[in-house]
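Below: the structure, in structure tokens.
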Amino acid sequence: MLDPRDIAQRLSAYLGAPVARLSVLASGWETTVFEFTLETASQRFAAVPVGVPMVLRFYQGSAADSKGDREHATIERLFAAGYPVPRAYAFEGDHRGLGAPFLIMQRLAGGPLFAARSFPSAFKTFSMAFFSFVRTQSRLHKLDPTSAGLSEIPHAYAPIDGATSVSPLLDRVLAIIANRVENGPLPGLREALNLVTERAPKFRRSPDSLVHMDYHPQNVMVNGVSVTGVIDWVNTDVGDRHLDAAMTAVILSSSAMEHPRWMRDNLAGNGLRASFAALYLPLYHAMAPMEFERFRYCQAVAALLRLSMMGMMRARGPEAVGFRREAIDEVTPGVVRLLSRYATRKSGASVRLDAVAPQPA
């Protein structure tokens, strides 16, 4: 556990300015996010505002160094291009500062599109800003990834097992899934993987777009009907936008939570997920017309990518796929059931993720 008092003291020393307050804002699979304010101007980073809430994004897990550096580079370039992201003020990769890489950035107005508060409040926020949520993703896909600045955005999906740095995103993703199926091992995914791999040549080539690959309601900040910014860019890459849209559809359809009760794998939760997933597709298609056969294929690939990640977390521990140890708590039976059913429908093969005891990585 991170001690906020210790972090505040070390951050004050790093910035050369007293921190008025620091508290945990959120905690995810690979980061802990703090909110803080400065009492006086930073001697080291004069641009950091004084007396204004700021965000300290603290990277954790086995891939913290590469993820922090990659996200910082991505946010800076998108901010310069006018895309709605928080402004980055400082990134530090040296662990001597706070014990891990960290990013200091703007605290966006509003809150996430989905937050687990009361049902009426959550439903109202989600419904009001869902159109803007979809429009902001389609806007990302319309940016030219070869333009000045954006062409320097790093790729998250590194080539393995025969794929190369110039391989299409689809090939790099399939290689990652295959590697996980082999090394998990995850035999319950093999049949579906074989089917999507056989069909890959038909969908391999497509126009390139910038893709977020984790675009979902908790990574999009809204205020009223407007999106104030998109966060969590550690999975950004360049490739087929259908794969990014498919990943969003997968997450909308399979994100069950134990709390609140109305987001569990039950009648209420499944009805809500089905409604929002059904609304997402026609909205996105109206803004950025899709090839539906390609999209359905990408839904199967995206579901297998996410399910194989969870399988590795179960089999080898979260650290094996770059996450914090505590992230295993998010791999609930409800999420696995929903995702397995989804992957089965989209791939045409029986998919299962057998529960196994974690093995040493």
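We number each residue from 1, following the sequence as shown.
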Next on the checklist: Can you confirm if the aromatic rings of Y284 and H141 lie within a centre distance of less than 6.0 Å?
Outcome noted: yes
Checklist entry - How about N219 and H216: does a side-chain donor come under 3.5 Å of a side-chain acceptor? => result yes
Item to check | Under 3.5 Å donor-acceptor, S340 side chain and R337 backbone | outcome: no
Next on the checklist: Check this for me, if you would: do D237 and R172 make a salt bridge, where the nitrogen-to-carboxylate-oxygen distance has to be below 4.0 angstrom?
Outcome noted: yes
Checklist entry - Who are the ring-ring contact (aromatic ring centres under 6.0 Å, His included) partners of H155, not counting sequence neighbours? => result none
Item to check | Aromatic ring proximity, centroids under 6.0 angstrom, F130 and F133 | outcome: yes
Next on the checklist: Less than 4.0 angstrom from a charged side-chain N to a carboxylate O is my criterion; do R57 and D232 meet it?
Outcome noted: yes
Item to check | Distance-only side-chain donor-acceptor flag, T31 / Q60, under 3.5 Å | outcome: no
Next on the checklist: If I take atom CD from residue Q218 and atom CD1 from residue I231, how far apart are they, to the nearest 0.5 angstrom?
Outcome noted: 9.0 Å
Next on the checklist: Would R324 and W29 count as a side-chain contact (heavy atoms from CB on, under 4.5 Å) here? Give the steps.
Outcome noted: CA-CA 6 Å; R324 305 163 58 216; W29 293 37; over 6 Å; no
Checklist entry - Going by distance alone, is a donor N or O of one side chain under 3.5 Å from an acceptor N or O of the other, for R180 and S308? => result yes
Next on the checklist: If we count only N and O atoms by modelled type, under 3.5 Å, do the side chains of S350 and E191 hold a donor and an acceptor together?
Outcome noted: no
Next on the checklist: Tell me whether the rings of Y215 and H212 are parallel (<30°), tilted (30 to 60°) or perpendicular (>60°).
Outcome noted: perpendicular
Checklist entry - Does H242 have its ring centroid less than 6.0 Å away from the ring centroid of F203? => result no
Next on the checklist: If we count only N and O atoms by modelled type, under 3.5 Å, do the side chains of E30 and Y59 hold a donor and an acceptor together?
Outcome noted: no
Checklist entry - Side chains of Q137 and Y280: is there a donor and an acceptor less than 3.5 Å apart? => result yes
